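Only a predicted model underlies this, so the values are computations on that prediction, with no experimental measurement involved. Residues: numbered from 1 along the sequence shown.
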Amino acid sequence: MLGTTLSAVSNIENSLIRNTMEGVEAEIVIVGAGIAGLTTSLGLHRLGIRSSVLESSESLRVSGFAFTTWTNAWRALDGIGIGDSLRQQHDRLYGIVASSIISGLPTSEMSFTTKASHGDHEVRCVRRKFLLEALQKELPSGTIRFSSKVVSIEEDSGGCFKMVHLANGSAVKAKVLIGCDGVNSVVSKWLGFKKPASWVDLPFGGLQISKAVMGLSPNSCCSLERACDVVLPLVMKALCIGFSPSLAPQKVRNY
């Protein structure tokens, strides 16, 4: 009996040593807890497949601005079960009317109320913070591993596992590795992908919260035609600003 107990203890110790040397094993590892990483993890969770998300930051990176989500985006959000909660936090946009602040005349108009071939359009300006928090809330506890910066990746001799080495000296052994770690992706570098190409017309965005409605409707907007194009779609509770340097300053764009 004692010999059996000692043998069991020895096996446990060997297993712990093996886990320490080879890393914690996980079926699916996702690198990056941004929108792409958390959406992928939640999509797998809805299918009953558990994953582990590695995030280099100490907490969820909720900084950022708002962005326009169109009909297909809302179908995807409904598919992973967070569409309704986000609708309660963001007002619907019914169109964009761009007017020149120089002449005061409308220069461009786009309606979101026109019925599409697959149904009605649904357009809202969604805050990045609310989207990330909604995704995190639906994931099982412990799915996201914070302070887990990936520094290198290697494949085992059999080609069945990926060893993901972290900055803190630990490692994670993955059967499936998914890279959602942005522009400077360690995963894409390991795969041998080319560096991202630079784009001349860089976009910028911002979000301004306005307590006053100022008498404007949800399809109001203004366009500045000089140094840059500025579009201000005003929602009832939030003024969302997006602008980009223009190669053709006099050209008014449809957003």
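- No side-chain heavy atom of Val187 sits less than 4.5 Å from a side-chain heavy atom of Phe193.
- Within the 4.5 Å cutoff, no side-chain heavy atoms of Leu139 are placed close to those of Leu135.
- When all heavy atoms are compared, the tightest approach of Thr143 to Ser51 is CG2-O, 3.4 Å.
- Residues Lys129 and Ser63 form no side-chain contact, since every pair of their non-hydrogen atoms from C-beta on lies 4.5 Å or further apart.
- Ala134 and Leu86 get closest at one heavy-atom pair: CB-CD2, 4.2 Å.
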Val150 vs Ser56, test: side chain to side chain contact (heavy atoms under 4.5 Å, CB included). Steps then yes/no. CA-CA 7 Å; Val150 176; Ser56 60; over 6 Å; no
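- No continuous path of ILVMFWY side-chain contacts below 4.5 Å connects Ile82 to Val123, so the two sit in separate hydrophobic clusters.
- Residues Arg61 and Glu55 form a side-chain contact, since some pair of their non-hydrogen atoms from C-beta on lies under 4.5 Å apart.
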Apply side chain to side chain contact (heavy atoms under 4.5 Å, CB included) to residues Val62 and Glu133 and explain how you reach the verdict. CA-CA 8 Å; Val62 295; Glu133 289 176 344; 4.2 Å; yes
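- Leu42 and Phe146 fall within a single hydrophobic cluster, where Ile, Leu, Val, Met, Phe, Trp and Tyr are joined by side-chain heavy atoms under 4.5 Å apart, directly or via other members.
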Quick one, Arg124 with Trp74, criterion side chain to side chain contact (heavy atoms under 4.5 Å, CB included). Give me CA distance, side-chain angles, the key distance, then yes/no. CA-CA 9 Å; Arg124 300 171 193 266; Trp74 286 103; 3.1 Å; yes
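- For the pair Lys162 and Leu177, the tightest heavy-atom approach, listed with the atom from each and the gap, is CG-CB, 4.3 Å.
- Residue Asn168 qualifies as enclosed at atom CG: its count of foreign heavy atoms under 6.0 Å is above 12.
- The ring-ring contact (aromatic ring centres under 6.0 Å, His included) analysis of residues 122-143, with sequence neighbours excluded, yields the pairs His90-Phe130.
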Quick one, His165 with Glu154, criterion side-chain hydrogen bond (donor to acceptor under 3.5 Å, both in side chains). Give me CA distance, side-chain angles, the key distance, then yes/no. CA-CA 8 Å; His165 298 276; Glu154 61 180 349; 2.8 Å; yes
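- Looking at Asp120 and Phe112, their side chains never come closer than 4.5 Å, going by heavy atoms from C-beta outward.
- Of all heavy-atom pairs spanning Arg50 and Gly142, the tightest one is NH2-C, 4.3 Å.
- Contact annotation: the side chain of Arg87 approaches that of Glu122 to within less than 4.5 Å [non-hydrogen atoms, C-beta and beyond].
- With contacts defined as side-chain heavy-atom distances shorter than 4.5 Å, the pair Thr113/His121 does not qualify.
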Side-chain polar contacts of residues 28-36 - donor-acceptor pairs under 3.5 angstrom, sequence neighbours left out - could you list them?
none

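- Within the 4.5 Å cutoff, no side-chain heavy atoms of Lys195 are placed close to those of Val183.
- Connection of Val53 to Trp190 is not established within any shared hydrophobic cluster, with ILVMFWY side chains joined at heavy-atom distances below 4.5 Å, either directly or through further cluster members.
- By the criterion of side-chain heavy atoms lying less than 4.5 angstrom apart, applied directly or through intervening Ile, Leu, Val, Met, Phe, Trp or Tyr residues, Val151 is not grouped with Leu54; the two fall into different hydrophobic clusters.
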